[in-house]
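Single-structure report; data block below.
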Amino acid sequence: MRLGVLCSGGDAPGMNACLRSVVRAAASDGHDVIGIRRGYEGLMKADFFDGELGVGKMSPRSVAHILERGGTILNSSRCPAFATPEGLKVAADALDRAGVDALIPIGGDGTFRGAVALAEFWKGQVIGCPGTIDNDLLGTDATIGFSTAVATAVDCIDKLRDTAESHERLFLVEVMGRHSGHLALATALAASAEIACVPEEIVDAVAIAERVQELRSLGKQSIIIVVAEGDEQGGAVALNEKLSLADCPYATRTVILGHIQRGGSPTAEDRVLATRLGDFAVRSIVDGATGMMAGETCGHCCLVPLEDTFSTHRPLPEHQIELLDRMSC
Ligand code: F6P
């Protein structure tokens with residue numbers, strides 16, 4: 001068989017590890033892999049990987065020592081033009097001309113929406129691998145990149161805590177996650193933040209100010225509030241303005257972590273997950289599956305229809321907001 005592989009949307013640490021796994025699983029089974037550069041945009045332009053086997057083909061050597069590297073050697077993109085009937089037709093033609101039998105897109109919900117739309121125009125098999133720091137897809141316990149993004153944010157907050165304690169300040173730290181609070185909540189718990197503001201919960205600035213006053217009276221020298229970029233108060237800067245009007249007992253500072261969370265060498269957890277899912281995606285294709293995401297739940301690899309991974313908002317893990325609150329006293 002000839003498999004195509006691409007990375008699309010926001011990059012995530014572990015995408016390279018997944019790519020390596022796809023290439024090596026395919027090679028060990030006697031299949032070819034065509035690397036498609038720059039996501040769906042590159043697919044529309046037939047922009048293929050150029051390595052020692054010539055244009056297109058990826059050999060096991062072409063993915064040597066990339067497991068530990070952040071980002072993606074294939075590059076990524078966001079491509080609104082792909083999601084039009086014309087764009088999808090151009091992409092389908094490019095896959096047919098390259099003789100691709102099956103496609104493995106590595107990315108998040110936007111990537112999978114694109115893959116579902118492509119299936120209307122292209123008859124090949126599609127198995128997606130979940131690569132996004134947001135952890136907002138249903139059908140897998142974790143997405144590739146989430147563990148690393150949490151670890152990066154926690155490392156930053158540990159440093160912020162030092163200066164917060166020295167100056168007896170409150171820091172509002174904004175993290176990514178788009179419309180989802182998974183990254184914010186896991187970061188807050190792991191970094192011993194006092195409060196997390198997430199899109200899944202109503203964020204009341206007055207109630208937060210009251211809680212902060214309470215924590216001050218308990219002797220807390222510093223406060224860390226982790227704010228998801230998608231929270232309804234409009235992020236850390238807007239919440240900071242509201243807190244200042246609501247009588248906050250600490251001097252405050254805001255920090256936006258932003259794309260820092262998308263970079264860096266993947267954690268061991270992300271490396272293992274990416275390796276398992278890339279291999280499972282290849283084996284699923286060989287077994288004839290299509291229209292699915294390769295995920296992992298409770299330690300087992302599983303296939304989930306691509307549509308189901310983004311059809312509803314993935315809820316936050318139960319009771320963790322309450323847990324954070326109990327830990328903050
Ligand atoms: O989906 C991953 C993500 O990092 C989100 O958390 C964030 O909202 C978005 O991508 C940022 O996208 P861009 O890099 O295009 O600004």
Side-chain angles (χ1 to χ4, degrees), residues 6-18 37-42 70-72 74-83 105-116 128-140 142-157 172-188 190-191 196-200 203 226-239 254-267 270 273-274 277 293 295 306 309-314 316:
L6 59 81
C7 297
S8 159
D11 62 344
M15 277 184 163
N16 275 329
C18 189
R37 303 187 63 231
R38 303 195 176 96
Y40 291 133
E41 189 184 325
T72 159
L74 284 182
N75 301 102
S76 189
S77 67
R78 300 192 190 279
C79 183
F82 171 74
I106 307 169
D109 63 332
T111 303
F112 291 173
R113 282 174 214 275
V116 169
C129 286
T132 166
I133 64 167
D134 298 343
N135 205 25
D136 57 348
L137 294 169
L138 290 155
T140 188
T143 54
I144 297 163
F146 177 65
S147 159
T148 310
V150 171
T152 300
V154 168
D155 184 49
C156 293
I157 293 177
L172 296 110
V173 186
E174 185 175 304
V175 298
M176 279 189 164
R178 208 180 282 276
H179 307 300
S180 164
H182 284 269
L183 190 50
L185 184 53
T187 298
C197 299
V198 291
E200 290 81 357
V203 178
V226 176
V227 187
E229 63 178 353
D231 89 294
E232 61 176 17
Q233 295 287 332
V237 173
L239 181 59
T254 52
V255 173
I256 297 176
L257 293 185
H259 291 79
I260 291 270
Q261 296 151 99
R262 287 237 298 256
S265 179
T267 59
D270 272 331
L273 180 66
L277 295 187
M293 177 191 79
L306 282 168
T309 65
F310 55 76
S311 56
T312 52
H313 189 87
R314 178 176 173 171
L316 292 178

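Owing to the predicted nature of the structure, the values given are computational and were not obtained by experimental measurement. In listed order, ligands and their atoms are each counted from 1.
When only non-hydrogen protein atoms are considered, atom 9 (C) of ligand 1 lies nearest to Arg178 NH2, 3.4 Å. Looking only at protein heavy atoms, the nearest one to atom 12 (O) of ligand 1 is Arg78 NH2, 2.9 Å. When hydrogens are left out, the protein atom nearest atom 3 (C) of ligand 1 is Arg262 NH1, 3.5 Å; that is the closest non-hydrogen contact. Closest protein heavy atom to atom 1 (O) of ligand 1: Asp134 OD2, 2.8 Å.
Contact annotation: for His259 versus ligand 1, heavy atoms closer than 4.0 Å belong to the side chain alone.
Within the structure, the closest approach of Gly177 to ligand 1 falls below 4.0 Å when heavy atoms are considered.
Atoms CZ and CG, from Arg178 and Leu183 in turn, are 12.5 Å apart once rounded to the nearest 0.5 Å. Here Leu277 contributes atom CG and Thr140 contributes atom OG1; the two are 6.0 Å apart, rounded to the nearest 0.5 Å. A distance of 8.5 Å separates CG of Leu185 from CD of Glu200, quoted to the nearest 0.5 Å.
The contact set between ligand 1 and Glu229, taken as ligand atoms under 4.0 Å from a residue heavy atom, comprises 5 (C), 6 (O), 7 (C), 8 (O).
In summary, Arg262 and Asp11 engage in a salt bridge, as defined by a charged side-chain N under 4.0 Å from a carboxylate O.
Residue-environment remark: CG (Leu138) exceeds the threshold of 12 foreign heavy atoms within 6.0 Å.
No donor-acceptor pair closer than 3.5 Å links the side chain of Thr309 to the backbone N or O of Gly139.
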